[in-house]
2 protein chains.
Amino acid sequence: MSTPAPNPLRFFEAINAYQQTEAIKAALELDLFTAVAESQGAVPAIAERCRAAERGVRILCDFLTIHGFLTKTGERFALTPDARAFLVRTSPAYLGDSIEFLLSSELVDGFRNLADAVRRGGTALSANGTMESQHPVWVKFARVMGPVVAVSAPALAEVADPRAERPVRVLDIAAGHGLFGIALARRNRQAHIVAQDWAPVLEVAREHASKAGVADRFALLPGSAFEVELGSGYDVVLLTNFLHHFDALTCEQLLRRVARALKPGGVAVTLEFVPNDDRVTPAPAARFSATMLATTIAGDAYTFGEYDAMFRNAGFSRNTLHPLPESPQSAIVSSV
Amino acid sequence: MSTPAPNPLRFFEAINAYQQTEAIKAALELDLFTAVAESQGAVPAIAERCRAAERGVRILCDFLTIHGFLTKTGERFALTPDARAFLVRTSPAYLGDSIEFLLSSELVDGFRNLADAVRRGGTALSANGTMESQHPVWVKFARVMGPVVAVSAPALAEVADPRAERPVRVLDIAAGHGLFGIALARRNRQAHIVAQDWAPVLEVAREHASKAGVADRFALLPGSAFEVELGSGYDVVLLTNFLHHFDALTCEQLLRRVARALKPGGVAVTLEFVPNDDRVTPAPAARFSATMLATTIAGDAYTFGEYDAMFRNAGFSRNTLHPLPESPQSAIVSSV
């Protein structure tokens with residue numbers, strides 16, 4: 001058996017990976033994908049629409065072709081199907097605004113000194129990282145991440161309320177943009193949602209509920225998920241992208257509150273990045289743990305086994321894992 | 001024919017690509033790869049050697065496994081062959097110090113506002129970008145990039161002086177670390193090198209020549225490649241990683257000086273990132289054009305056809321392309 005000679009290419013690719021981030025950011029800022037969609041894909045036409053230099057556009061388009069966002073035939077560029085769906089501003093699934101959160105200084109700065117975070121075992125940002133009380137990044141999150149959750153919200157609503165034919169009371173913890181609860185309300189006209197989050201964040205959720213035409217079944221519960229009176233008798237409690245911010249004991253503390261808020265037969269529905277037990281597959285879920293290291297004190301991408309233990313410790317007796325199609329995330333359905 | 005539904009995964013991967021850069025940088029700063037090499041690969045042992053927290057080390061090692069630098073078996077990590085060769089500090093091929101140049105603020109800042117560079121059609125840094133006269137980044141480059149060129153320097157020397165059995169006079173333009181000329185001197189004991197660059201950069205080249213035991217055949221020619229008297233009667237003129245910084249007319253101006261410096265039968269040997277005519281393959285060469293957009297006024301990753309035209313316009317009659325094994329770069333041999 002012969003093994004190939006060691007090659008430094010992978011090292012250089014990783015060191016220069018930040019250039020991909022900057023190239024996509026620049027393309028969105030220039031609205032280049034829209035310009036490609038609305039032209040025949042020749043550099044002069046794209047440059048005119050983007051008010052940019054032809055040399056700059058040509059080199060950026062080549063770079064985006066190399067990285068899978070454009071195709072190139074002769075001297076003309078075209079959009080890949082993914083770019084057409086998600087990066088053209090007029091597309092209903094346009095994701096471009098999400099970089100205001102995904103590349104916010106709060107997240108990026110957490111990675112800027114990752115070595116310090118590794119030394120400490122937690123974020124090198126402020127004492128509580130992005131979990132500071134009422135951290136403004138979450139208003140930004142609520143405002144721009146809607147199109148990102150659009151992929152998984154209907155699938156999660158189906159997992160949470162499969163029949164969708166009876167009245168259900170839903171508590172949406174750390175609702176943020178509110179779109180998961182709203183998806184339930186749209187799926188089932190007998191669903192009533194209580195959205196909990198910090199008051200400034202709930203303003204965004206309220207706007208979304210109004211636009212979706214479900215405002216009359218959408219109540220607001222401002223305050224901390226760990227402190228506010230949650231109420232009781234819920235059929236469904238949603239825990240979407242929240243538990244990953246905390247250590248297991250803190251999660252269990254919250255889950256005990258959730259167990260008490262459910263009515264008999266009710267379910268907690270968790271949406272999370274859930275890697276396999278090896279913690280390195282599948283990559284899109286597993287690599288999320290690094291974001292939790294960089295931006296929180298003790299959060300993680302927990303495995304299903306770890307979530308199962310947390311829920312059991314908090315009084316739940318049955319937890320099932322539901323991978324969501326087209327999403328790097330999974331749902332966990334838990335009953336007491 | 002069915003096409004797969006559009007998926008936003010590639011977009012998220014590119015947006016978060018900067019995390020790979022930060023993870024490798026953190027691992028090198030913590031000397032984590034050396035710690036893995038010198039331990040059995042369990043997290044507590046790595047953490048102790050890195051003086052870091054186990055949680056931080058575990059998450060970083062998982063991330064590096066996902067991205068191909070480590071392997072994981074049970075709870076133990078090990079190095080991939082590439083990481084063992086290039087990222088362990090005690091390895092003769094250790095590349096870690098190269099990030100002082102590759103991630104220097106001069107290069108990274110060029111990408112930080114790539115949209116502006118696209119609008120202008122050239123660097124948004126200072127007027128001349130990294131081509132400012134005597135820019136200090138090139139001393140840094142000379143100091144840390146030696147191990148990177150070690151891969152291609154012997155192969156380039158073989159292309160430049162295949163027989164290595166007769167006296168040759170070599171002019172190394174923009175010599176930097178000097179290692180390409182030094183490789184020629186080591187290959188052929190009858191080779192004499194004249195290394196041209198700015199004086200502070202040549203100090204580094206002189207140190208390298210001494211260490212390599214070729215200082216007695218290594219002369220210094222400080223000054224600008226465009227202005228200094230280059231001399232004449234050279235068998236070989238090396239142009240390594242220099243032409244890509246300039247527009248074609250500027251390159252031709254320099255190449256005319258090179259043609260005059262060669263003796264009859266002499267050759268200019270260029271080392272460059274040379275993409276195919278489509279400018280998007282092969283990726284490691286083609287994507288270099290973005291670095292030239294971000295950091296220079298008018299540089300590029302030129303195709304062989306473009307170099308061929310520049311050399312012909314400058315009085316050369318024959319140019320041949322030589323891909324270098326194990327390297328993303330190619331050599332071009334040009335004779336008058």
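As a basis for the values below, the full set of heavy atoms in this structure was taken, side chains included, without hydrogen atoms, waters or symmetry mates. Bear in mind that the values here come from a model prediction, so they are computed numbers and not experimental data. In what follows, chains are A, B, ... by sequence order, proteins preceding strands, each numbered from 1.
Proximity to chain B is limited to the side chain of S98(A), based on heavy atoms less than 4.5 angstrom apart. Interface remark: R287(B) contributes backbone and side-chain atoms alike to the contact with chain A (heavy atom separation under 4.5 Å). Only the side chain of F86(A) comes within less than 4.5 Å of a heavy atom of chain B; its backbone N, CA, C and O stay farther away. Proximity to chain B involves both the backbone and the side chain of R10(A), based on heavy atoms less than 4.5 angstrom apart. For chain B, the nearby part of T291(A) is the side chain; its heavy atoms alone come within less than 4.5 Å. Of the atoms belonging to L293(A), heavy atoms from both backbone and side chain fall under 4.5 Å from chain B. Contact of S327(B) with chain A is not made at all, since no heavy-atom distance falls under 4.5 Å. Both the backbone and the side chain of L102(B) come within less than 4.5 Å of a heavy atom in chain A. Heavy-atom distances place both the backbone and the side chain of P8(B) under 4.5 Å from chain A. Heavy atoms of A83(B) lying under 4.5 Å from chain A are absent altogether. Heavy atoms closer than 4.5 Å to chain A are found in the side chain of F63(B), but not in its backbone. For I15(A), the parts sitting under 4.5 Å from any heavy atom of chain B are the backbone and the side chain alike.
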Trace of the side-chain contact (heavy atoms from CB on, under 4.5 Å) decision for Y18(B) with L103(A) = CA-CA 10 Å; Y18(B) 77 93; L103(A) 298 180; 3.7 Å; yes
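Within the model, atoms CD of Q19(A) and CZ of F288(B) stand 9.5 Å from one another, a figure rounded to the nearest 0.5 Å.
Ranked by heavy-atom pairs under 4.5 Å with chain A, the list A294(B), A290(B), P328(B) is led by A290(B). Ranking E75(B), R112(B), E13(B) against chain A, the residue ahead of the rest is R112(B), based on heavy-atom pairs under 4.5 Å. When T80(B), N113(B), I66(B) are compared by the number of non-hydrogen pairs under 4.5 Å with chain A, I66(B) comes out ahead. For chain B, the option among A298(A), A301(A), A93(A), G122(A) with the highest count of heavy-atom pairs below 4.5 Å is A298(A). Ranking A23(A), G121(A), A17(A), A47(A) against chain B, the residue ahead of the rest is A17(A), based on heavy-atom pairs under 4.5 Å. Among L87(B), T73(B), L28(B), L32(B), the residue making the largest number of heavy-atom pairs under 4.5 Å with chain A is L87(B). With chain A as partner, the option from V148(B), T65(B), L95(B) having the largest number of non-hydrogen pairs under 4.5 angstrom is L95(B).
Residues T21(A) and N16(B) have side chains not in contact (no heavy-atom distance under 4.5 Å, counting atoms from C-beta outward). The shortest side-chain heavy-atom distance between K25(A) and L114(B) does not fall under the 4.5 Å cut-off. Between Q20(A) and Q20(B) the shortest side-chain heavy-atom distance does not fall below 4.5 Å.
When all heavy atoms are compared, the tightest approach of P81(A) to P6(B) is O-CB, 4.0 Å. The two residues A115(A) and A26(B) make their nearest non-hydrogen contact at N-CB, 3.5 Å.
Residues of residues 48-59 of chain A lying under 4.5 angstrom from chain B, judged on non-hydrogen atoms, are R51(A), A52(A), A53(A), R55(A), G56(A), V57(A), R58(A), I59(A) in numerical order. Within residues 277-286 of chain B, the residues having any heavy atom closer than 4.5 Å to a heavy atom of chain A are D278(B), R279(B), V280(B), A283(B), P284(B), A286(B), listed by residue number.
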